[in-house]
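All remarks here apply to the structure that follows.
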Amino acid sequence: LSLGRKIDDELFEELEEILILADVGVVTTEKIIENMKIKAKEQKIKEADKIKDLLAEEIYNIMEVNERPFNITSPTLILIVGVNGVGKTTTIGKLANKYKNEGKKVLLVAADTFRAAAIDQLEVWAGRNNCEIIKHEEGSDPASVVFDGIKAAKARGADIILCDTAGRLHNKKNLMEELKKIYRVAQREFDNANIETLLVLDATTGQNAVQQAKIFKEAVNVTGIILTKLDGTAKGGIVISIKSELDIPVRFIGVGEGIDDLQEFDSEKFVRALFE
Amino acid sequence: SLTGKLQDIFKKLRGKGKLSEKDVKEAMKEVKIALLEADVNFKVVKEFINTVTEKSLGQEVMESLTPAQHVIKIVNDELTALMGSKESKINFSDKPPTIIMMVGLQGSGKTTTSGKLANYLKSKGKNPILVACDVYRPAAIKQLQVVGSSINVPVFSMGDKTTPVDIAKGAVDFAKNNNYNVVIIDTAGRLHIDEELMDELKNIKDAVNPNEILLVVDAMTGQDVVNVAESFNEKLDIDGVILTKLDGDTRGGAALSVKAVTHKPIKFIASGEKLTDIEVFHPDRMASRILG
Ligand SMILES: Nc1nc2c(ncn2[C@@H]2O[C@H](COP(=O)(O)OP(=O)(O)OP(=O)(O)O)[C@@H](O)[C@H]2O)c(=O)[nH]1
Ligand SMILES: Nc1nc2c(ncn2[C@@H]2O[C@H](COP(=O)(O)OP(=O)(O)OP(=O)(O)O)[C@@H](O)[C@H]2O)c(=O)[nH]1
Ligand SMILES: [Mg+2]
Ligand SMILES: [Mg+2]
């Protein structure tokens with residue numbers, strides 16, 4: 001998109017292609033481009049470069065509108081949910097590191113009692129962070145692990161409880177019912193005001209992510225998103241539709257497999273990366 | 001549904017008498033949207049639309065009393081043809097063991113699918129072993145061992161302080177000396193842009209010469225799947241693809257994108273977390289799923 005280029009249909013098609021390839025989705029892309037065209041007319045924009053800036057601004061506004069900071073008061077229970085393989089367990093390992101570095105007392109709850117070696121995996125992360133972990137036998141009831149986890153957290157004065165859950169597809173009714181039960185136990189045993197439910201989304205996911213966000217939000221009141229694997233080549237544009245349709249903000253991004261590979265979400269950086 | 005949308009478009013057009021090129025292009029816009037919403041890659045969609053537009057401008061559609069049905073059939077047939085043949089064969093070596101290497105992005109389902117494949121081949125009379133070449137992910141080896149023990153398939157491991165290349169070589173020797181005729185190598189998830197880790201896969205390939213290199217792809221992957229598939233294919237010349245998590249409600253357009261860009265067959269699909277949830281790939285079923 002160079003200077004002196006004229007503003008025509010070809011330019012808009014090129015911008016549309018950038019957004020579609022970034023997984024922004026057809027409907028959201030059309031909406032964004034339409035709003036941008038209206039603004040361009042209103043502002044009598046003549047240069048192609050200004051058009052791209054206007055587009056970036058449009059997306060930035062979607063991500064920032066109604067923005068409230070992610071303030072963690074002690075004690076807080078963070079329930080980590082999402083479909084299979086997106087990075088929930090690894091992200092908990094990173095969050096534990098972040099909060100320990102902030103001087104908080106962190107407790108891990110191994111409520112994935114289903115997948116092979118899931119508890120072992122979280123135990124490794126507990127060890128790396130030198131923080132305690134509450135676990136039961138593999139195959140036990142996840143809600144009871146959460147119950148015990150909350151009890152232990154209160155007894156030990158934990159500031160942050162990070163609760164891992166098994167990956168589950170949102171269209172599996174019985175698995176979503178199991179998750180709702182876990183959430184109910186958490187609400188009942190822990191002060192409801194201090195529960196954050198973070199949905200982990202894989203940046204390589206396509207339009208199905210919007211349905212994931214919708215169903216998980218209906219089930220367990222998702223309050224934020226963690227977008228993982230942004231160290232790859234996928235742009236994660238799905239979070240734009242999710243913000244605009246469901247008003248769920250992105251709180252963190254995962255940028256690698258290491259303990260430090262977690263960053264707070266920055267709308268400006270995110271938008272800039274879309275166009276790189 | 002796409003069928004419904006196309007029927008509505010052609011219903012509006014029928015009052016105008018004979019179908020024009022413009023009418024067909026109008027219908028094709030709906031097909032384009034349907035494919036993009038199904039996560040088929042933008043560039044793959046463009047090419048696909050050009051092909052089916054050309055076919056739809058033929059006499060049969062233009063003079064038909066039911067143009068919508070014709071266009072739908074053309075789209076469906078073209079999609080099914082692109083999805084490839086129904087052959088989901090593992091190419092067994094005439095000098096056992098047959099060596100199968102599972103590769104792909106983080107979290108795509110390699111470890112679980114390795115177990116499913118072992119279980120499937122066991123039911124077909126083969127004698128497989130699983131090989132733990134993921135020395136990075138916490139408890140990865142344990143995960144494969146739990147999977148292996150649940151289906152009574154031995155897991156070859158040399159711990160996580162040995163290189164994946166040495167583990168793979170050790171596994172092949174072990175298989176030969178103990179009459180295992182299939183070796184399924186589970187590797188660590190990695191980014192296609194991680195040069196060092198992609199080299200590691202190439203080194204494993206060069207060391208043990210797999211008969212099958214299978215790219216494991218999550219069916220809900222979006223536009224980026226073409227970059228991933230292209231890179232893995234360029235680096236390793238993969239033999240096929242396994243599409244996972246098809247028990248979800250994603251339309252799975254990634255299937256078409258991967259096929260279009262690599263021209264390699266989709267050999268199996270995985271549709272669940274149980275080790276029996278693997279099936280032969282059906283191109284026609286995938287085509288209608290993508291179209292919605
Ligand atoms: N490159 C990269 N890999 C990641 C990131 N986050 C997680 N992973 C990798 O993704 C894979 C899956 O991570 P897990 O933490 O096991 O995912 P999960 O959601 O807990 O998986 P299930 O519990 O099986 O549903 C692992 O190989 C992780 O190392 C990230 O930000 N970048
Ligand atoms: N629902 C469903 N879940 C699946 C399927 N295949 C794998 N999974 C789940 O997806 C998650 C990731 O599977 P893994 O086998 O650990 O994936 P991986 O590719 O080995 O992950 P890395 O080794 O970290 O790269 C686990 O929770 C699996 O149970 C499938 O077909 N359907
Ligand atoms: Mg997990
Ligand atoms: Mg694995």
Side-chain angles (χ1 to χ4, degrees), chain A residues 16-27 29-30 83-90 93 114-125 127-128 138 166-172 175 202-209 211-212 215 228-229 231-238 254 256-257, chain B residues 32-43 45-46 105-112 115 136-150 188-194 218-228 231 244-245 247-254 272-273 275:
Chain A
E16 177 195 59
E17 181 169 342
I18 291 175
L19 296 185
I20 298 278
L21 287 177
D23 287 315
V24 177
V26 178
V27 174
T29 295
E30 287 185 356
V83 303
N84 307 70
V86 294
K88 298 178 293 300
T89 307
T90 307
F114 170 73
R115 207 211 66 213
I119 298 170
D120 300 77
Q121 184 185 6
L122 190 64
E123 275 189 291
V124 173
W125 284 106
R128 287 177 179 179
E138 200 171 290
R168 69 201 68 224
L169 295 178
H170 50 288
N171 57 315
K172 303 267 169 99
L175 297 182
D202 186 327
T204 66
T205 307
Q207 297 312 301
N208 193 250
Q211 188 65 2
Q212 292 174 25
I215 303 296
T228 61
K229 308 181 195 171
D231 46 321
T233 50
K235 304 281 182 165
I238 43 162
E257 302 186 73
Chain B
K32 173 181 171 197
I33 292 172
L35 293 177
L36 287 177
E37 290 188 327
D39 289 323
V40 180
N41 181 268
F42 190 84
K43 305 194 170 111
V45 171
K46 260 191 174 171
L105 291 181
Q106 290 92 345
S108 57
K110 298 173 293 301
T111 304
T112 311
Y136 308 105
R137 171 175 152 152
I141 297 175
K142 173 115 202 278
Q143 183 188 4
L144 191 65
Q145 287 169 333
V146 172
V147 164
S149 80
S150 70
R190 69 206 61 216
L191 296 178
H192 52 298
I193 53 173
D194 187 325
D218 189 324
M220 56 180 131
T221 311
Q223 298 289 311
D224 194 50
V225 80
V226 292
N227 300 324
V228 177
S231 303
T244 63
K245 305 179 201 171
D247 46 325
D249 57 8
T250 184
R251 301 253 297 274
E273 291 191 77
L275 294 176

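Each chain gets a letter, A, B and so on, in the order the sequences are listed, and its residues count up from 1. As a basis for the values below, the full set of heavy atoms in this structure was taken, side chains included, without hydrogen atoms, waters or symmetry mates.
- For the set Ile193(B), Val146(B), Leu105(B), the count of heavy-atom pairs under 4.5 angstrom toward chain A peaks at Ile193(B).
- No other option in Asp231(A), Thr228(A), Val83(A) has as many heavy-atom pairs under 4.5 Å with chain B as Asp231(A).
- Here the CG-NZ distance, from Asp224(B) to Lys235(A), works out to 9.5 Å after rounding to the nearest 0.5 Å.
- Put simply, CD1 on Ile33(B) and CD on Glu30(A) are 5.5 Å apart, with the number rounded to the nearest 0.5 Å.
- The candidate with the highest count of non-hydrogen atom pairs below 4.5 Å against chain A, out of Gly107(B), Pro138(B), Ala38(B), is Pro138(B).
- Note that OG1 of Thr233(A) is 3.0 Å distant from NE2 of His192(B), once rounded to the nearest 0.5 Å.
- Contact annotation: the side chain of Gln211(A) never approaches that of Thr250(B) to less than 4.5 Å [non-hydrogen atoms, C-beta and beyond].
- Side-chain contact between Val27(A) and Glu37(B): present, with at least one pair of heavy atoms (C-beta onward) separated by less than 4.5 Å.
- For chain A, no part of Lys110(B) is nearby; none of its heavy atoms comes within less than 4.5 Å.
- In this structure, Val147(B) and Ala116(A) approach most closely via the heavy-atom pair CG2-CB, 4.4 Å.
- Of the atoms belonging to Gln145(B), not a single heavy atom falls under 4.5 Å from chain A.
- The CG atom of Asp120(A) sits 10.0 Å away from the CD atom of Gln143(B) when rounded to the nearest 0.5 Å.
- Looking only at side-chain heavy atoms (C-beta outward), Val225(B) and Thr204(A) stay at 4.5 Å or farther from each other.
- Distance alone, capped at 3.5 Å, is enough to place a donor-acceptor pair between the Lys245(B) side chain and the Asn84(A) backbone.
- Distance check, rounded to the nearest 0.5 Å: CG of Asp247(B) to NZ of Lys172(A) gives 3.5 Å.
- Rounded to the nearest 0.5 angstrom, Asp249(B) CG and Leu169(A) CG are separated by 8.0 Å.
- For Glu257(A), the part lying near chain B is the side chain, with the backbone staying farther off; criterion is any non-hydrogen pair under 4.5 Å.
- Considering every non-hydrogen atom in both Gln223(B) and Asp23(A), the closest pair reads N-OD1, 2.9 Å.
- With contacts defined as side-chain heavy-atom distances shorter than 4.5 Å, the pair Val124(A)/Lys142(B) does not qualify.
- No side-chain heavy atom of Arg251(B) sits less than 4.5 Å from a side-chain heavy atom of Gln207(A).
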